[in-house]
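Step one of this worksheet: look at the structure below.
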Amino acid sequence: MSTEPDQTPEAERIEHYESANIYERHGSVPKWLAVVYIALGIWMIYYLMHYWRP
Amino acid sequence: MGEIPLSAERDDLVDKELVLRFLLSAAFWLVFAPTIGVILSIKFNYFGFLGSIPWLTWGRLRPVHVMGVIFGAFTTAIVGLTYYMVPRLCGVRMYKESWSRAIFWLWNLGLTAGLISLALGQNLGIEAGEFPIWDDILIEIVLVMITIQVIVTVVRRREKKLYVTLWYLTAAYVWTVFNYAFGHFILPFSMPGVNNAAMHGLYIHYVVGLWITPAGLAVIYYFLPLSAQAPLYSHKLSLIGFWSLAFFYPFVGTHHYIYSPIPYWTQTIAIVASMMLIIPVWTVIQNFYGTFVGHWKRLQESYTAKFLILGAFYYLIGCFQGSTEALRGVQTITHFTDFVIAHSHLTVFGTFILWVTAGMYYVIPRLANRELYSKSLAQWHYWLTLAGFSLMASVLVLQGLMQGTMLEQGADFVNSMAAMKPYWFTRTIAGVSMDVGAALGMWNLMLTVLQGEPIVSHAVETADGNLEPRWT
């Protein structure tokens, strides 16, 4: 897992939910996680095509 | 961003007595239901344990354990935490507060009556939906009332932005109102045969994935940034985690019927959806990990943080295990073995029970306005849980793989059962450890309310003159 500093000011923008006193970064998607999403998406298409039977 | 500055907190929006009542009754169920689990575990090795008294037999007590954990321990705590989190996040008091006291009594009455009826042999015959139908009507009414309260409070909120906890909570209640009705009023009386089994699989997994999971995630999303004293790592990841869960989870349930007579393509969809759940799980874990980076010292100071992070660890393992378990190749070994039991315990107990426990450690002292009674008892609770549950999960995984492999190799079924005996015994020891830990923890929280030192200020001054929040 990584928490490399985000490059964009928007990612570092903080929201404050006042009544609960919770702070939240806008954030972004880490590169390693984006790779996982893509890999799973490719696997999903392969598996559905290969194992689709009545 | 440095440490979060102290600001006035809005506990005046919360019905403190009501929340404490719900959480302390959850504390009772948190000890009772797992204790039934220990009794069941003993019976694996000593089948004559407690004799042949009908209401103490395995078949009667097992649903008491399962329903007691899901609806007694977990759901009672979630309802209490809902009455804490929703007003705080919306900036207004809960809609129809006059309903809440009635809901407390109806909920506990329905639960008690349901569990007693299970012990007496009344059972609807639906896994995770075993309460008799007269009790289901009461439970459904209570769920509908709470859902209306949550939705109207959110609509009437003063805080314009919707924090991720509210997405999960609103979704969890709405999904569950429909799922509970489906599983209890439609499923037992329609769609005979294999179709009913497939729909049954969907019902069970909607309890786990569209109630327990989102409600539990609502809790950790609320208490994690507070206990870390840091901003939540990423709103974007919150969005991806929520919507991917909502999209994939509804298709997962028929993975309970891999290699069964249900249509092959249905099984394939369930397998794909199960693997795609890696997306929401790894997304939220990254979000939690990112929040805590640079704030790990909080684990030494906050029991809320300890239990949340421990639960997150088990969530990662349990969900990866669950996703890969759906693959056909893995299923040939693990189906009908204790590997499946490992998964259900890693998720329901290891993750979600620990997360609501964390919420209780945060809320109870705060609302009672008292210091946690004993740090020593809290430490015992934590370490007995960690040691006991890690042992239980490891043993169940190993014995499941062993059992499945033996059967695949043609071993006699009775011989495969006999080989499990030392593992079952170890599981019982692990369960006792967990139960003792839970009992000490819940006793500690009860004593906090009754005898804890009154909190004079919610801030403490450090040596260098700064103010820090008082945390448990």
Side-chain angles (χ1 to χ4, degrees), chain A, chain B residues 1 4-10 13 85 87-92 157-159 161-166 221-226 229-238 240 244 263-265 267-269 271-273 275-276 278-279 282-283 285-287 289-294 327-328 469:
Chain A
M1 294 193 194
S2 75
T3 56
E4 66 259 11
D6 292 305
Q7 301 299 317
T8 63
E10 200 199 337
E12 295 298 329
R13 183 163 55 89
I14 301 281
E15 288 281 1
H16 181 212
Y17 298 83
E18 264 191 50
S19 55
N21 197 28
I22 292 175
Y23 291 79
E24 181 190 54
R25 270 172 92 246
H26 190 74
S28 61
V29 181
K31 291 188 186 62
W32 75 268
L33 198 48
V35 169
V36 169
Y37 296 162
I38 293 167
L40 279 169
I42 293 169
W43 175 86
M44 176 179 74
I45 295 167
Y46 155 76
Y47 199 91
L48 281 172
M49 290 174 66
H50 190 74
Y51 287 100
W52 192 268
R53 275 162 236 170
Chain B
M1 171 102 191
I4 297 174
L6 279 178
S7 64
E9 295 203 82
R10 301 297 307 275
L13 294 169
M85 296 186 293
R88 292 297 311 271
L89 287 167
C90 292
V92 293
R157 69 190 186 281
R158 284 215 182 107
E159 176 71 68
K161 306 176 289 290
L162 271 179
Y163 184 61
V164 54
T165 291
L166 288 175
Y221 266 114
Y222 186 92
F223 293 105
L224 194 84
L226 293 175
Q229 294 181 275
L232 184 71
Y233 178 63
S234 172
H235 176 77
K236 268 201 180 167
L237 291 183
S238 302
I240 294 171
S244 56
Y264 195 86
W265 60 267
Q267 298 175 39
T268 295
I269 288 177
I271 292 167
V272 165
M275 284 294 290
M276 296 307 281
I278 288 175
I279 292 177
W282 288 20
T283 300
I285 292 292
Q286 166 68 73
N287 217 354
Y289 172 80
T291 302
F292 252 86
V293 164
L327 295 167
R328 287 182 168 96

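By convention in this document, chain letters (A, B, ...) are assigned in the order of the sequence lines, proteins followed by strands, and residues within each chain are numbered from 1.
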Any non-hydrogen side-chain atom of [X] less than 4.5 Å from a side-chain atom of [Y]?
| X | Y | value |
| --- | --- | --- |
| B:Trp282 | A:Trp32 | yes |
| B:Arg158 | A:Ser19 | no |
| A:Met44 | B:Met275 | no |

Exercise for the section: Starting from the C-alpha separation in whole Å, work towards a yes-or-no answer on side chain to side chain contact (heavy atoms under 4.5 Å, CB included) for A:Tyr51 and B:Ile271. Expected result: CA-CA 10 Å; A:Tyr51 287 100; B:Ile271 292 167; over 6 Å; no
Exercise for the section: Show the numbers, then the answer: is there a side chain to side chain contact (heavy atoms under 4.5 Å, CB included) between B:Val272 and A:Trp43? Expected result: CA-CA 9 Å; B:Val272 165; A:Trp43 175 86; 4.3 Å; yes
Which bit of [X] comes within less than 4.5 Å of chain A, counting heavy atoms only: side chain, backbone, both or neither?
| X | result |
| --- | --- |
| B:Leu162 | backbone |
| B:Thr165 | neither |
| B:Leu237 | side chain |

Problem - Atom CZ of A:Arg53 with >12 non-hydrogen neighbours under 6.0 angstrom - result: yes
Problem - From CA spacing to verdict: side chain to side chain contact (heavy atoms under 4.5 Å, CB included), A:Ile22, B:Leu89 - result: CA-CA 9 Å; A:Ile22 292 175; B:Leu89 287 167; 4.2 Å; yes
Over all atoms of both residues, closest heavy-atom pair of [X] and [Y]:
| X | Y | answer |
| --- | --- | --- |
| A:Tyr23 | B:Pro225 | O-CB, 4.4 Å |
| A:Arg25 | B:Tyr233 | NH1-O, 2.6 Å |
| B:Ser238 | A:Glu24 | OG-OE2, 4.2 Å |
| B:Lys161 | A:His16 | NZ-O, 3.5 Å |

Exercise for the section: Rounded to the nearest 0.5 Å, what's the gap from CD on B:Gln229 to CG on A:Asn21? Could you check? Expected result: 10.0 Å
Exercise for the section: Please round to the nearest 0.5 Å and tell me the distance separating atom CZ of B:Arg328 and atom OH of A:Tyr47. Expected result: 4.0 Å
Problem - Residue part contacting chain B, namely of A:Leu33, when any heavy atom lies under 4.5 Å - result: side chain
Handout entry: Heavy-atom donor-acceptor pair, A:Glu18 side chain to B:Glu159 backbone, under 3.5 Å
Key = no
